[in-house]
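First up is the structure itself, then whatever we jot down about it.
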Amino acid sequence: MISPRTLKGFRDYLPEAMIPRERLMETARRVYRSYGFSPIDTPALEYLEILEGKGGEESDKQLYKFQDHGNRWVGLRFDLTVPLARFAAQHIATLGTPLKRYHIAAVWRGENTQRGRYREFMQCDFDTIGTRSPAADIETALVIHDLFRAIGFERFRIRINNRMVLTGLLEKLGLSDKSAGVLRALDKLAKIGPEKVAQEMTETCGAGDDQVRQVLQLAEISGPRDEVLERLKPLVAGSQTGEEGVARLAELTAGASAAGVAEERLVIDVSIARGLDYYTGTVFETFLDDLPGIGSVCSGGRYDNLAELYTKQELPGIGASLGLDRLLAAMEELGMIEPVATPAEVFIAWFDKNRLHDYLALAAQLRAAGLGVEVYPEPKKLGQQLKYADRRGHRVAIIAGENEFNAGTVQLKDLRAARQQDIAVEPADAFIAAVKELAGSV
RNA sequence: GUGGGUAUAGCUCAGUUGGUUAGAGCGCCAGAUUGUGGAUCUGGAAGUCGGGGGUUCGAGUCCCCUUACCCACCCCA
């Protein structure tokens, strides 16, 4: 006998896990589409040279790679950005710019597992390629904002920064060539504190005390938006890059406000830098007020030239990615996920052995009205059928036997409240409305 | 990749310094109840104690290896 098992970091999803997962993906899809982002898909496997183009040894270690049957070196995509770069280089001539696409798909990384971190996981990216317009930055913030509201969050915060602010300061300080290391250290500020960050900057980047002090001084600015902007200005004064960064932040916040985003939901946080140094402008991180420890659940930013490895055409862009698995873990912890193992609200018991056709017709009628309906496949004892329906998480049970059929009614049972009522099946509109109301899907 | 922890029934766990036939609660199945679930009672199925090797008269218990999971670090395009 072969023992049934799954690979480390790879998971089966049972219905109870898959239902909220699908719901979340549907919400993301709906919000992305509402802004005009179009769906695309790309192959899971790419030529290794495409994937290895960027990134160093560390990335290599995480990459699933092997030779295919034609001895080609291939690899599984580890994110959706590199495939997008290749895709854009290949198809931008046909599609034109700006290209707005979303991509919801699995990616693979052979890294060590941890809570909320697996080797196969889902990313939900959206990007706007081919424009440097601040409007695209604003729109990105709006999408993130709408997305979290659509999922059902009220208490969340999108932290924004602009990479140019820091780059400008580093230019002034003569640390430009060390920016990658400085940014990586700075990204840990919230996690390990200023002393440790200073230590890391000194040790790994060779930054001087004064340089470190100024970087930290910048990073620790916080407060109301306008105040932050005012305090940033003198620190970057004289650096064209830095000044532009501050101006872009001002444009972004003003634009988001105009579109109705509450000020406390979009805050400037100069300390966020994102570990990756390929972001060049606006960067985003999204935190849940009720669960800050879980980290950013939606991150992204602006990049100057997405596809430079694959084409001469310059393709600036901006985008962000929803961390689906991490967010699901958070929602579970916050009690936002109902333990339900069926997507159908309505359960029809096969009560009278000779009435299957009536139950099937009833189910068809309700499905046509947009409800999910399951008819129990065996004429078992009613108690068992109801128990099954309750365990699965159906909301409404419909029971009908000789008495009901003769009276032209069915019994509508609220499975949660354990209450029931007889209701006439005619007129159909009123009947369907009653079922829907009880099912909670009006 | 580094360090630490855990692994016993479907789930949560107990199992005394190694000792006979491995337990409990919950869940599951059946019945009490031939038109009504989450309550009660009765009965039942279910474990090669994660896998492999070793020490021993004897291993769920001790040792080694291995796999998976959890925590921290590293890293995170």
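Computed from a predicted structure; not experimentally measured. Protein chains get the first letters and strands the later ones, always in sequence-line order, with residue 1 at the start of each.
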Measuring from the side chain of [X] (C-beta onward, heavy atoms only), which nucleotide among [options] has the closest atom?
X: A/L386; options: B/C69, B/C76, B/U36; answer: B/U36
X: A/T113; options: B/A30, B/G35, B/C70; answer: B/C70
X: A/L382; options: B/U36, B/G35, B/A30; answer: B/U36

Pairwise [atom1] distance for [N] and [M], with rounding to whole Å:
N: B/A59; M: B/U20; atom1: P; value: 11 Å
N: B/C62; M: B/G1; atom1: P; value: 27 Å
N: B/G51; M: B/U42; atom1: P; value: 34 Å
N: B/A24; M: B/G31; atom1: C1'; value: 24 Å
N: B/A14; M: B/C57; atom1: P; value: 31 Å
N: B/G53; M: B/U67; atom1: C1'; value: 15 Å
N: B/G47; M: B/C11; atom1: C1'; value: 14 Å
N: B/A68; M: B/G52; atom1: C1'; value: 15 Å

Will you find, in the side chains of [X] and [Y], an N or O donor that is under 3.5 Å from an N or O acceptor?
X: A/Y279; Y: A/D304; result: no
X: A/Y35; Y: A/R33; result: no
X: A/Y359; Y: A/R355; result: no
X: A/R11; Y: A/Y118; result: yes
X: A/E374; Y: A/Y388; result: yes

Classify [X] by what it touches in the nucleic acid, base, sugar-phosphate, or nothing, heavy-atom distance under 4.0 Å.
X: A/Y388; result: nothing
X: A/D125; result: nothing
X: A/D79; result: sugar-phosphate
X: A/Q123; result: nothing
X: A/R11; result: nothing

Rounding to a whole Å, what distance do you find between [X]:[atom1] and [N]:[atom2]?
X: A/R109; N: B/G1; atom1: CZ; atom2: P; answer: 17 Å
X: A/N112; N: B/U2; atom1: CG; atom2: C1'; answer: 10 Å
X: A/W350; N: B/U36; atom1: CH2; atom2: C1'; answer: 19 Å
X: A/Q384; N: B/G35; atom1: CD; atom2: P; answer: 12 Å
X: A/Y118; N: B/C70; atom1: OH; atom2: C1'; answer: 11 Å
X: A/F347; N: B/G38; atom1: CZ; atom2: P; answer: 15 Å
X: A/I398; N: B/U36; atom1: CD1; atom2: C1'; answer: 15 Å
X: A/F121; N: B/C76; atom1: CZ; atom2: P; answer: 14 Å

ask   = Under 4.0 Å between a side-chain N/O of A/K381 and OP1 or OP2 of B/U33, yes or no?
value = no
key: Under-4.0 Å side-chain N/O to phosphate OP1/OP2 contact, A/Q114 with B/C73   = no
query = For the residue pair A/Y32 and A/Y102, does the interplanar ring angle fall in the parallel (under 30°), tilted (30 to 60°) or perpendicular (over 60°) class?
reply = tilted
request  = May I ask you to decide if the ring planes of A/Y64 and A/F10 are parallel, tilted or perpendicular, using 30° and 60° as cut-offs?
outcome  = perpendicular
Would you mind pulling out the nucleotide paired to [N], Watson-Crick or G-U wobble, both distances under 3.5 Å?
N: B/G3; result: B/C71
N: B/G58; result: none
N: B/U21; result: none
N: B/A30; result: B/U42

Aromatic A/F126 / basic A/R101 pairing, under 6.0 angstrom, 45° off normal = no
query = Want to settle it: does A/Q420 or A/G9 sit nearer the 5' end of RNA chain B, counting the closest nucleotide to each?
reply = A/Q420
key: Which residue lies more 5' along RNA chain B, comparing A/K380 with A/K387 via nearest heavy atoms   = A/K380
inquiry  = Looking at the base of B/G35, is there any donor atom on it, or on the side chain of A/D352, that sits under 3.5 Å from an acceptor on the other one?
reply    = no
inquiry  = Would the base of B/G35 count as contacting A/Q385 through its side chain, where contact means a donor and an acceptor less than 3.5 Å apart?
reply    = no
